[in-house]
Amino acid sequence: MPNSSNAKSSVCPICRGVGFFRRDVPVDHPDFGRAIPCECKIRETQQSSLEDVRQKSGLGHLPQMTFETFRPDGIGLPPDKRKNLRDAYDAARAFAENPRGWLLLKGGLGCGKTHLAAAIANACLARGIAVLFVVVPDLLDHLRATFAPTSRVSYDDRFENIRTVPCLILDDLGTQATTAWAQEKLFQLFNYRYNAQLPTVVTTNRELEEIDPRVRSRLADTTFCKIVTILAPDFRQGGVDTSGSGMSNLALYGDMTFENFDLRERELKDDARTNLRRIFYTAQNFAENPQGFLVLTGDYGCGKTHLAAAIANEICKRGGTALFVVVPDLLDHLRATFAPGSTVSYDQRFDETRRAPVLVLDDLGTENATPWAREKLFQIIDYRYVAKLPTIITIHREAEIDARIQSRIFDLARSSVNEILAPSYRTTHRRAQTPTPRGTRKARAESA
């Protein structure tokens, strides 16, 4: 029996702490006299290698960012955004379990994309997979640093280590200074990993259209890269969904519902009556299943704003989220963020608008059409057009709309365009309510 002192000893009984042993085999055996690494030495080497990878991974300050500490249901989110965040969490976890292809996490500031990317890295490290996590501007700084005379690492060695690492996670793509050199290095990095099909995770708060076209062409390959857009608000601001809270006009239109919409059956003639009834049912169907663009045109007061508000109210009544904003007011809200005392950044307000689960733009075309205003509206509508986000737009039939915006909102493959033929309800309602002068009634009676 081994004595108790040996049982408590931490020295390996096989190699006696040396790390190697020799097998007792005949002279003609291939292993005769050969030093063979002991299991304890192999485990020690693996652990040392793993610690070295951890040191170089860039995750030294992010060990707390794991899947266990992430809140996949957010804080106080409506059902649609809660599901969206849960889907992003599931996609990140699936990638961590089987790192293959590319994963692009897009979203606004503080939405959780960096946490998910770091969670992927920490999960891979725990399984012994070499990972490099680096913020893109820092990556470029690391490459520039190799040109210093005191650098102990050559540029070629560092760049080779980065582009060939088994799993690379690039955080905050698009925040780097866009010099020609930076664009060239990033393209070389993406192009190499794309051709070699090396697992890569990218986070960004930019749209693909804002990224260098050569890099964008790789990221946009949906056969190789899974794109996940996170709609959750900023966790650092409390994570509570505030879409519509500071900008939406919907509270002013709370009484505009489908139940009290007047179809004007007795007043309108056949074509106008049939047309209004059809558009009413179209709006109801859109509220039940919001998809694509719904465009409502017609005269002022014909009912298009009532129908748009009724859709938004119905969606909110069912637990969804809708942002209802009059277009000139929207532009005022965006301009107000540039004021020194503004508590909301321009990026936050802009993202709140273009990423809203359902957006209602009332009275498009009534805004002061400066080049800046046209550009901002096009960016919002183009984003929602590409992302296929439900959008309701009301337009006066004689409004002048930017040609680029027209090409999106009147694309019948994505939009349901509906012109209301009925005249202004306010005009006909006043006419019906105006008393007929007493003398006129008498003359009509006599002529009858």
**Q** Tell me which donor-acceptor pairs under 3.5 Å the side chains of residues 94-112 have, and how far apart each pair is, sequence neighbours excluded?
**A**
| unit_1 | atom_1 | unit_2 | atom_2 | d |
| --- | --- | --- | --- | --- |
| Trp102 | NE1 | Leu198 | O | 3.0 |
| Trp102 | NE1 | Thr200 | OG1 | 3.3 |
| Lys106 | NZ | Glu207 | OE1 | 3.4 |
| Lys106 | NZ | Thr229 | OG1 | 3.4 |

**Q** Looking only at side-chain N and O atoms, does Thr257 offer a donor or acceptor that is under 3.5 Å from a partner on Asn313?
**A**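 No, because no side-chain N or O of Asn313 sits under 3.5 Å from a partner of the opposite role on Thr257.
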**Q** Is it true that atom CD of Glu400 has more than 12 heavy atoms of other residues, nucleotides or ligands lying nearer than 6.0 Å?
**A** no
**Q** Dump the intermediate steps for salt bridge (charged side-chain N to carboxylate O under 4.0 Å, His left out) on Lys304 and Glu419, then the final yes or no.
**A** CA-CA 9 Å; Lys304 55 189 185 295; Glu419 181 180 5; over 6 Å; no
**Q** With ring centroids as reference points, do Phe159 and Tyr155 lie under 6.0 angstrom apart?
**A** yes
**Q** Is there a donor in the side chain of Arg355 and an acceptor in the side chain of Tyr383, or the other way round, less than 3.5 Å apart?
**A**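 Yes, side-chain donor-acceptor contact under 3.5 Å.
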**Q** Relative to each other, are the rings of Tyr385 and Phe293 parallel, tilted or perpendicular (30° and 60° limits)?
**A** perpendicular
**Q** Checking the side chain of Thr394 only, and the main-chain atoms of Asp363 only, is there a donor and an acceptor separated by less than 3.5 Å?
**A** yes
**Q** Just by modelled atom types, is the Val134 backbone N or O under 3.5 Å from a matching donor or acceptor in the Asp138 side chain?
**A**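 No, Asp138 side chain to Val134 backbone: no donor-acceptor pair under 3.5 Å.
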**Q** Does the side chain of Asn418 come under 3.5 Å of the side chain of Ser416 through a donor N or O and an acceptor N or O?
**A**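 The criterion, which ignores hydrogens and geometry beyond distance, is satisfied for Ser416 and Asn418.
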**Q** Going by distance alone, is a donor N or O of one side chain under 3.5 Å from an acceptor N or O of the other, for Arg218 and Asn191?
**A**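 Indeed, the side chains of Arg218 and Asn191 share at least one donor-acceptor pair under 3.5 Å.
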**Q** Could you label the plane-to-plane angle of the Trp372 and Tyr346 rings as parallel, tilted or perpendicular, counting under 30° as parallel and over 60° as perpendicular?
**A** tilted
**Q** Is it the case that Asp262 and His306 place a side-chain donor and acceptor less than 3.5 Å from each other?
**A** no
**Q** Looking only at atom types and distance, does a side-chain atom of Ser415 sit under 3.5 Å from a main-chain N or O of Val417, one as donor and one as acceptor?
**A** no
**Q** Just wondering, more than 12 heavy atoms not from Glu259 lying within 6.0 Å of its CD?
**A**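 More than 12 heavy atoms, drawn from other residues, nucleotides or ligands, come within 6.0 Å of this atom.
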**Q** Taking atom types as modelled and ignoring hydrogens, do the side chains of Asp221 and Thr223 form a donor-acceptor contact shorter than 3.5 angstrom?
**A**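 Side-chain D/A pair, Asp221 to Thr223: present.
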**Q** Is a side-chain donor-acceptor pair under 3.5 Å present for Thr203 with Asp171?
**A** yes
